[in-house]
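Contents: one structure, followed by commentary.
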Amino acid sequence: MRRTLLVILVLALVGLGLWGYFGGVEEVTQRRVEAALVDAGVPQEQAACMATRMTERLTLNQLRKLERLSAQEGETATPLSPGGILARVRRVDDPEAVEVTATAAAICALGFGGRAQ
């Protein structure tokens, strides 16, 4: 019985390692970023393009920081003024994350990013 449990545990660990090695974590993250962008009002095709670029260039920690861009209590879902946008960007406190997001938005909005590869 003990040996069977050990074999199952080893197989589970190997399977988890292979899933991560072959991009399982990246795929889940990319889908989550894309879903968050769509929820924020970004068109589906542009969100897919942006999510690909963002997950290739940012760490998981940086992607989590970008969650601070979402509306907080008392804010509208979409900022209505440049001051509102600036306030949300300041909450992120990561210039690289903001730069990558802005660049991805511009490239994908102009159609230079193409669909996720």
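Fair warning: this is a prediction, and the values are worked out from it, not measured in the lab.
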Partner residues of Arg64 under the salt bridge (Lys or Arg N to Asp or Glu O under 4.0 Å) criterion, sequence neighbours left out: none
What pair of heavy atoms forms the shortest contact from Met50 to Leu37, and how long is it? CB-CD1, 3.7 Å
Checking Glu56 now: which residues fulfil salt bridge (Lys or Arg N to Asp or Glu O under 4.0 Å) with it, not counting sequence neighbours? none
Hydrophobic cluster identity match, Val92 and Leu58, side-chain contacts under 4.5 Å: yes
Which atom names give the shortest non-hydrogen contact between Val42 and Ala47, and what distance separates them? CG1-N, 3.6 Å
So Glu34 and Gln44, side chain to side chain contact (heavy atoms under 4.5 Å, CB included) or not? Walk me through it. CA-CA 8 Å; Glu34 182 177 341; Gln44 179 67 44; 2.2 Å; yes
Are any side-chain N or O atoms of Gln62 and backbone N or O atoms of Thr59, one a donor and one an acceptor, separated by less than 3.5 Å? yes
Apply side chain to side chain contact (heavy atoms under 4.5 Å, CB included) to Lys65 and Asp93, showing your working. CA-CA 8 Å; Lys65 285 181 181 182; Asp93 195 33; over 6 Å; no
Stepwise, does the side chain to side chain contact (heavy atoms under 4.5 Å, CB included) test hold for Met54 with Leu66? CA-CA 11 Å; Met54 291 168 68; Leu66 288 172; 3.5 Å; yes
Cut-off 3.5 Å, no hydrogens considered: what does the side-chain donor-acceptor table look like for residues 97-105, sequence neighbours left out?
residue, atom, partner, partner atom, Å
Thr101, OG1, Ala97, O, 2.8
Thr103, OG1, Glu99, O, 2.8

